[in-house]
Amino acid sequence: MTEMDEVIESGRKFSINGKTVGGIIALLVIMYVLSQSFFYAEPGYIYHVRTVTGNETVVTEIGYKFYPFGRYNAWKRAMTVQAVSGSQSSITSEKDGNSASATLPPLSIMYLDQVDAHAEATVRFSIPSDEEGFLRLAHEYRSPENLLRTALLPAFKETLQANASLMAAEEYYAGGRTEFNSEFENQMRNGIYLVKREEVTVNSTKKLSGTANAALGTDQEEYGEDAKTIFVVKKVLDEAGLPMRKTQRFTDYGITVVSALVTDMKPNQKFIERMQLKQKASADRAIAREQRVQEEEQRLLAIARGEREVAERQAKAKVEQIQKTTEAETEKQLAITKAEKLKAEAQIQKETAEINLDKAKIEAQTQRTLADAEAYQKKVILQADNALAQKLDAEIKIQELWAAAYAKRQVPTNVFGGNGGDGAPVGNDYETKAFMQLLTLDAAKRLNYERDLVKQ
C-alpha cells in the first residue's frame with residue numbers, strides 16, 4: 001500500500017460527509033507534494049539537487065530548499081577516514097551520528113627493515129564548495145560513498161604503506177616518529193614519492209678490539225669486520241633535483257587534505273620482544289655507564305680525599321717546619337745576639353785591657369822614669385860623695401851587728417891558760433877582740449870605700 005492509499009483510507013474512516021473527505025484528501029495530497037518538494041539544508045553539508053525537469057543545483061546555504069519531485073545527495077564538506085582499533089570497515093558518509101565518514105581496522109604496514117606493524121591513522125579531506133568543482137566531483141563519483149570507496153580509502157591505505165617503506169622500524173622507535181608523521185601528511189597532500197631500493201655497504205665507525213691477549217694490555221688488536229650491508233630507499237629525482245611523485249588523483253577534483261595524523265603504531269610481537277631486549281641491554285648499559293661514572297666519581301673522590309689528606313699533612317708539616325724554622329731562626333738570632341754581646345764584651349774587655357796595658361805601660365814607664373830619675377839622683381849623689389852615706393850606713397850596721405854579737409858572747413867563768421906563744425889563755429876576751437878586728441878588717445876591705453869626700 002502506497003502512502004496515497006493510506007491517506008485515502010484514513011480519509012474514509014474519519015470523514016463525516018463527502019465534502020469533508022474531499023477536503024482532507026486534497027490537504028493530504030498537498031502535504032505529500034510539499035514533503036516531496038522541500039528539504040532542510042543542514043550546516044556542514046553541500047547538497048547536489050536534481051529536479052524532475054533535469055536541472056541541477058548546488059545548495060550550500062542553511063534552511064529549507066525547494067526541489068519539486070526531485071532528488072538530492074548530501075555531501076559532507078569535510079570527510080574523515082579513520083583506521084582505529086576495535087572498528088569494522090564501514091562507510092557512513094551522510095550520517096551525523098558517526099565520528100568518521102569511513103572507519104577501518106588498523107592497517108597492516110611493512111617497514112623498510114621487513115618489520116610489520118598495525119597502524120592507526122586519521123585523514124580529513126575537504127571537498128570543493130564552488131558549484132563547478134562540486135558538480136564535476138558529483139558527476140564523477142555520483143555519491144560520497146563511491147568517493148570514499150574508490151578514491152579516498154585507497155589513497156589513504158597506499159600512502160600509509162608507502163610512507164612505512166621509507167623508514168626502518170628501529171629508526172621509527174628510536175626517535176623518527178615525528179618525521180614519519182610529517183612525511184605521511186606531506187605525501188597525502190602532495191603525492192607519493194617515487195623511490196628505489198638499493199643495497200649499500202657502509203663502514204662501521206666503531207672499531208672493535210680484542211681482550212684476550214693480556215700481554216698487550218689496553219692496546220689490543222682490532223678484530224671483526226668493519227663493514228656491513230644495509231638497504232636504503234632513495235627518492236627518485238627529476239632533472240631539477242626535486243623528488244618525483246605519484247600525484248593523488250582526488251586532488252584533480254579539488255579535494256584537499258586538511259590533516260593527516262598517525263595516532264598509534266603496534267609492531268609485531270617478535271619485534272616488541274627484540275626491542276625489549278634492546279631496551280634491557282640499553283638500560284643495562286646505562287646502568288653500567290652510571291656505575292662506571294659512579295666508580296669514577298668514587299675514584300676521584302678518593303683521590304681528592306687523599307690529596308686533601310696529603311695537603312693537610314703537608315700544611316701541618318709546613319706549619320711545624322715554619323715553627324721550627326722560626327724557633328731555629330729565633331735561636332740563631334739569640335745566639336747571634338749573644339755572640340755579638342760576648343764579642344762586644346770581649347771587645348770592650350780587649351779595649352779595656354789595651355787601655356789598662358797602655359796605662360800599665362805608662363805607669364811602668366813612669367815608674368821606670370821615676371826609678372831612672374831616682375837612680376840618676378842616687379848616682380849623682382853617689383858620684384858626688386863617693387857613696388859615703390851609704391858606706392857609712394853599712395859600716396854602722398856592720399859594727400852594730402858585731403857589737404851585738406860580742407855583747408851576747410858566751411864567756412866561761414873560769415879560764416885556764418896554757419903555755420902558749422903569746423902567753424894568753426885560749427878563749428879569753430883578747431882572742432875574741434882579735435877575731436872581731438879581723439872580721440872588721442875583712443868587712444872594710446869588702447866595702448873598700450874611702451871616708452874622705454871626693455873633691456868636685
Side-chain angles (χ1 to χ4, degrees), residues 41-49 56-62 72-84 87 89-96 98-104 107 109 119-166 177-195 235 238 240 242-264:
E42 299 286 347
Y45 285 85
I46 300 176
Y47 297 88
H48 180 208
V49 180
E56 288 182 308
T57 58
V58 178
V59 177
T60 59
E61 297 178 355
I62 302 172
Y72 70 91
N73 292 101
W75 296 66
K76 288 183 178 180
R77 291 178 181 270
M79 299 184 182
T80 303
V81 177
Q82 193 174 43
V84 292
S87 63
S89 296
S90 63
I91 298 176
T92 54
S93 60
E94 298 185 34
K95 293 183 180 180
D96 291 330
N98 296 89
S99 59
S101 301
T103 56
L104 299 171
L107 295 180
I109 61 173
E120 296 183 11
T122 300
V123 180
R124 189 169 179 81
F125 301 91
S126 177
I127 64 174
S129 58
D130 63 291
E131 185 173 353
E132 182 180 357
F134 178 74
L135 289 177
R136 183 167 174 266
L137 174 65
H139 291 168
E140 178 67 24
Y141 293 102
R142 298 184 305 279
S143 67
E145 290 81 359
N146 288 337
L147 174 63
L148 290 166
R149 189 180 298 110
T150 60
L152 301 185
L153 285 176
F156 172 77
K157 295 177 181 179
E158 182 183 19
T159 305
L160 188 57
Q161 292 171 348
N163 194 67
S165 65
L166 297 177
R177 185 187 300 269
T178 303
E179 181 183 357
F180 185 91
N181 295 354
S182 177
E183 287 294 337
F184 175 63
E185 184 172 2
N186 184 14
Q187 292 189 90
M188 281 299 303
R189 289 179 176 176
N190 304 316
I192 300 173
Y193 291 117
L194 298 181
V195 297
K235 299 173 183 177
D238 58 12
L242 299 175
M244 298 179 65
R245 297 174 183 266
K246 176 187 175 183
T247 60
Q248 301 286 8
R249 297 304 302 264
F250 58 80
T251 59
D252 296 339
Y253 298 94
I255 300 175
T256 58
V257 175
V258 178
S259 65
L261 304 173
V262 179
T263 56
D264 193 15

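Index from 1, following the sequence.
- F125 places none of its side-chain heavy atoms less than 4.5 Å from the side chain of L148.
- Here the OH atom belonging to Y253 is positioned 3.0 Å from the CD atom belonging to E140, to the nearest 0.5 angstrom.
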(request) Mind running side-chain contact (heavy atoms from CB on, under 4.5 Å) on S126 and R77 for me, showing each step along the way? (result) CA-CA 6 Å; S126 177; R77 291 178 181 270; 5.8 Å; no
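- The local environment of CZ in R249 is sparse, with at most 12 non-hydrogen atoms from other residues, nucleotides or ligands closer than 6.0 Å.
- In this structure the side chain of W75 never reaches within 4.5 angstrom of the side chain of Y47, judged on heavy atoms.
- One finds the CD atom of Q161 at 8.0 Å from the CD1 atom of I109 (value rounded to the nearest 0.5 Å).
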(request) Report the C-alpha separation of L152 and L147 in whole Å, then their side-chain angles, then the decisive distance to 0.1 Å, and conclude whether the side-chain contact (heavy atoms from CB on, under 4.5 Å) test is met. (result) CA-CA 6 Å; L152 301 185; L147 174 63; 4.1 Å; yes
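- Residues passing the salt bridge (charged side-chain N to carboxylate O under 4.0 Å, His left out) test with K235, sequence neighbours excluded: none.
- Taking all atoms of both residues into account, the shortest heavy-atom contact from F250 to M188 is CZ-O, 3.6 Å.
- Residues I192 and Q248 meet the side-chain proximity criterion, which asks for heavy atoms closer than 4.5 Å.
- Side-chain atoms of L104 and L153, non-hydrogen and from C-beta on, do get closer than 4.5 Å to each other.
- Looking only at side-chain heavy atoms (C-beta outward), Y193 and E183 come within less than 4.5 Å of each other.
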(message) Does S259 form a side-chain contact (heavy atoms from CB on, under 4.5 Å) with V123? I'd like the steps, not just the answer.
(response) CA-CA 6 Å; S259 65; V123 180; over 6 Å; no
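- Considering only heavy atoms from C-beta on, V262 comes within 4.5 Å of L160 through its side chain.
- I255 is listed as a side-chain neighbour of P128, based on a closest heavy-atom distance under 4.5 Å.
- Between the T263 side chain and the E120 main chain, a donor and an acceptor come within less than 3.5 Å of each other.
- The main-chain N or O of F180 is found under 3.5 Å from a side-chain atom of N163 such that the two form a donor-acceptor pair.
- To the nearest 0.5 angstrom, Q82 atom CD is 8.5 Å from F156 atom CZ.
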(request) Apply side-chain hydrogen bond (donor to acceptor under 3.5 Å, both in side chains) to T80 and R124, showing your working. (result) CA-CA 4 Å; T80 303; R124 189 169 179 81; 2.6 Å; yes
(request) Evaluate the side-chain contact (heavy atoms from CB on, under 4.5 Å) criterion for residues L166 and E179: first the C-alpha distance (whole Å), next the side-chain angles of each, then the deciding distance (0.1 Å), finally the verdict. (result) CA-CA 10 Å; L166 297 177; E179 181 183 357; over 6 Å; no
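- The structure places OG1 of T159 at 11.0 Å from CG of L107, a figure rounded to the nearest 0.5 Å.
- Side chain to side chain, N146 and S143 meet the donor-acceptor criterion of an N or O pair below 3.5 Å.
- For the pair M79 and P144, the minimum side-chain heavy-atom distance is below 4.5 Å.
- To the nearest 0.5 Å, the span separating NZ on K246 from CG on N190 amounts to 15.5 Å.
- Interatomic distance, L137 CG to I127 CD1, rounded to the nearest 0.5 Å: 6.0 Å.
- Between H139 and R142, the shortest heavy-atom contact is O-CG, 4.0 Å.
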(message) If you apply the rule salt bridge (Lys or Arg N to Asp or Glu O under 4.0 Å), what do you find for R189 with E185, and how did you get there?
(response) CA-CA 6 Å; R189 289 179 176 176; E185 184 172 2; 2.8 Å; yes
